[in-house]
Amino acid sequence: MGGEAAEGRPMEQRAVVTAGTGGIGLETAMGLAARGFAVTVVGRDAERGARAVERLAGVTTGGEPHFMAADLASLADVRALAARLAAEGPLKVLVNNVGAMFADRQRTVDGIEATFAVNHLSPYLLTESLLDQLRAAVPSRIVNVSSGAIRAAKRTFDAVEPPGGYYGFHWYGRAKLANLAYTLDLAERLRGSGVTVFAADPGGAATDLTNGTMRSPKIVSPALRLLWPLVRRTFERSTAGPAALAARSSIVAATDASLDGRTGLLIGPEATPVPAFRGSTDPRTIDGVLRLSRQLAPVGHDR
């Protein structure tokens, strides 16, 4: 994934990692910085951002790391972020690491259910807004972080919110399913362009998500609540590893030479390609997701 500037100097290899100031995102950014990328991490908190940049500066073998502030639950903030990133020129790697699960139903400043907005609409809008910069840096890569919670998802996308009650774990899985369906469709749309597209499943890690929201039984449907303490303990035992281990799938998807020329793959927790989650390639799912995405977060010609 090399290149040279017009003057003959090596071209700076720019990478962006959303939600990159802590946890899996920061570990992903550290891995990219150590591999020669000038990494920009995105987050809401400037203090966390400054600490992240300090850590990145200690490992980088490429350009200077940066922090950009943005609330990725706000579509206006995502558009403003995309404009700032676009102004910096060609982009080699975009890692959409952002993700959130909520114990109770929440709406964003745009009036959109927050789980769907943060986990799908935000990376969808940022990616679509930066395609020209990614094309300018080919070969380049897009990595969207997925989740095994997709297995608990309802596969209905007639509306932003699925029918039935709000259960955070299931709605999180549904939003991640939407994003995976979009990711695989985007890979086909960009096939042959030099921009390759991957999903990365980090598996489990001890993060704020697993140590916080996941502890509440109300995030699953009533039928599962009696079993949830047992399921959660089993899950926690399997997610006791460090975030650095969970970041492997994203780092491999973003950088590994064995993936050169390949696209549309899901990189699993062992950092190797695995079959896509069931439902993510269903044409009805893809059509529903794309329709909702274009309606709620229009980009360029969609407006």
Side-chain angles (χ1 to χ4, degrees), residues 1-20 24-25 28-42 56 60-66 68 70 72 78-79 81-98 122-146 179-180 182-201 247-267 271 273 299-300:
M1 298 184 73
E4 291 194 355
E7 297 83 359
R9 297 188 307 272
M11 181 185 297
E12 184 175 76
Q13 307 293 288
R14 293 180 55 236
V16 171
V17 181
T18 64
I24 297 172
T28 300
M30 297 271 286
L32 296 181
R35 287 162 174 78
F37 288 89
V39 182
T40 296
V41 290
V42 178
L56 290 168
T60 187
T61 60
E64 182 181 353
H66 296 281
M68 282 193 184
L72 296 174
V78 174
R79 289 192 174 96
L81 170 67
R84 282 182 285 159
L85 291 170
E88 295 195 343
L91 179 61
K92 201 72 171 175
V93 171
L94 172 63
V95 180
N96 287 301
N97 173 74
V98 66
S122 166
Y124 164 80
L125 179 57
L126 185 62
T127 300
E128 292 289 328
S129 300
L130 291 174
L131 287 180
D132 284 347
Q133 285 66 42
L134 288 154
R135 290 187 180 104
V138 294
S140 55
R141 296 188 189 183
I142 298 165
V143 180
N144 289 334
V145 176
S146 193
N179 194 245
L180 179 58
Y182 161 68
T183 300
L184 299 179
D185 182 75
L186 180 65
E188 290 307 311
R189 176 159 45 114
L190 297 178
R191 187 178 290 276
S193 71
V195 183
T196 51
V197 186
F198 301 93
D201 177 12
R248 290 187 310 163
S249 58
S250 292
I251 295 169
V252 165
T255 66
D256 198 273
S258 69
L259 299 177
D260 287 351
R262 305 175 73 184
T263 194
L265 300 176
L266 172 62
I267 308 303
V299 183

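Basis for what follows: all heavy atoms, side chains included, without hydrogens, waters or symmetry-related copies.
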Sidechain-backbone polar pair: Lys92 side chain, Val16 backbone, donor-acceptor under 3.5 Å: no
Step by step, work out the side chain to side chain contact (heavy atoms under 4.5 Å, CB included) result for Thr28 and Val145. CA-CA 11 Å; Thr28 300; Val145 176; over 6 Å; no
Between Val95 and Ala254, which heavy-atom pair has the shortest distance, and what is it? CG2-CB, 4.4 Å
Here the pair of heavy atoms bringing Leu265 nearest to Pro273 is CD1-CG, 4.2 Å
Check the side chains of Asn97 and Ser250 for a donor-acceptor pair under 3.5 angstrom, ignoring hydrogens and angles. no
Can any side-chain N or O of Arg141 pair as donor or acceptor with the backbone N or O of Ala253 at less than 3.5 Å? yes
Nearest-0.5 Å distance that lies between atom CG in Leu190 and atom OG1 in Thr263: 7.5 Å
Using a 4.5 Å cut-off on heavy atoms from C-beta on, say whether the side chain of Leu186 contacts that of Val195. no
Does any N or O in the side chain of Thr127 come within less than 3.5 Å of the main-chain N or O of Pro123, such that one atom is a donor and the other an acceptor? yes
Give, for atom CG of Leu94 and atom CG of Leu126, the distance between the pair rounded to the nearest 0.5 Å. 5.5 Å
How far does OG of Ser249 sit from CD1 of Ile24, to the nearest 0.5 angstrom? 7.5 Å
Using side chain to side chain contact (heavy atoms under 4.5 Å, CB included) as the criterion, list what pairs up with Glu88, not counting sequence neighbours. Arg14, Thr40, Met68
For a 4.5 angstrom cut-off between non-hydrogen side-chain atoms, does Leu85 reach Leu130? yes
Check whether any side-chain heavy atom of Arg35 sits under 4.5 Å from a side-chain heavy atom of Val93, and report yes or no. no
Separation between CG of Asn179 and CG of Asn96, rounded to the nearest 0.5 Å: 7.0 Å
Please report the C-alpha distance between Val98 and Val42 in whole Å, then the side-chain angles of each, then the deciding distance to 0.1 Å, and finally whether the side chain to side chain contact (heavy atoms under 4.5 Å, CB included) criterion is met. CA-CA 9 Å; Val98 66; Val42 178; over 6 Å; no
All heavy atoms of Gly63 vs all of Glu12, minimum pair found to be CA-OE2, 3.7 Å
Which atoms form the tightest heavy-atom contact between Glu64 and His66, and what is the distance? O-CD2, 3.2 Å
Taking side chain as C-beta onward, heavy atoms only, is Arg135 less than 4.5 Å from Pro90? no
How far apart are the C-alpha atoms of Thr255 and Leu32, what are their side-chain angles, what is the distance that settles it, and do they pass the side chain to side chain contact (heavy atoms under 4.5 Å, CB included) test? CA-CA 8 Å; Thr255 66; Leu32 296 181; 3.4 Å; yes
Rounded distance (nearest 0.5 Å) linking atom OG of Ser146 with atom CD1 of Ile267: 11.5 Å
Could you tell me which non-hydrogen atom of Val143 sits nearest to which non-hydrogen atom of Ala200, and how far apart they are? CG1-CB, 3.9 Å
For the student: nearest non-hydrogen atoms of Phe198 and Arg262, plus distance: CZ-O, 3.1 Å
How long is the gap from CG on Leu184 to CG on Leu266, to the nearest 0.5 Å? 7.5 Å
Do Val299 and Leu125 have side-chain heavy atoms sitting under 4.5 Å apart? yes
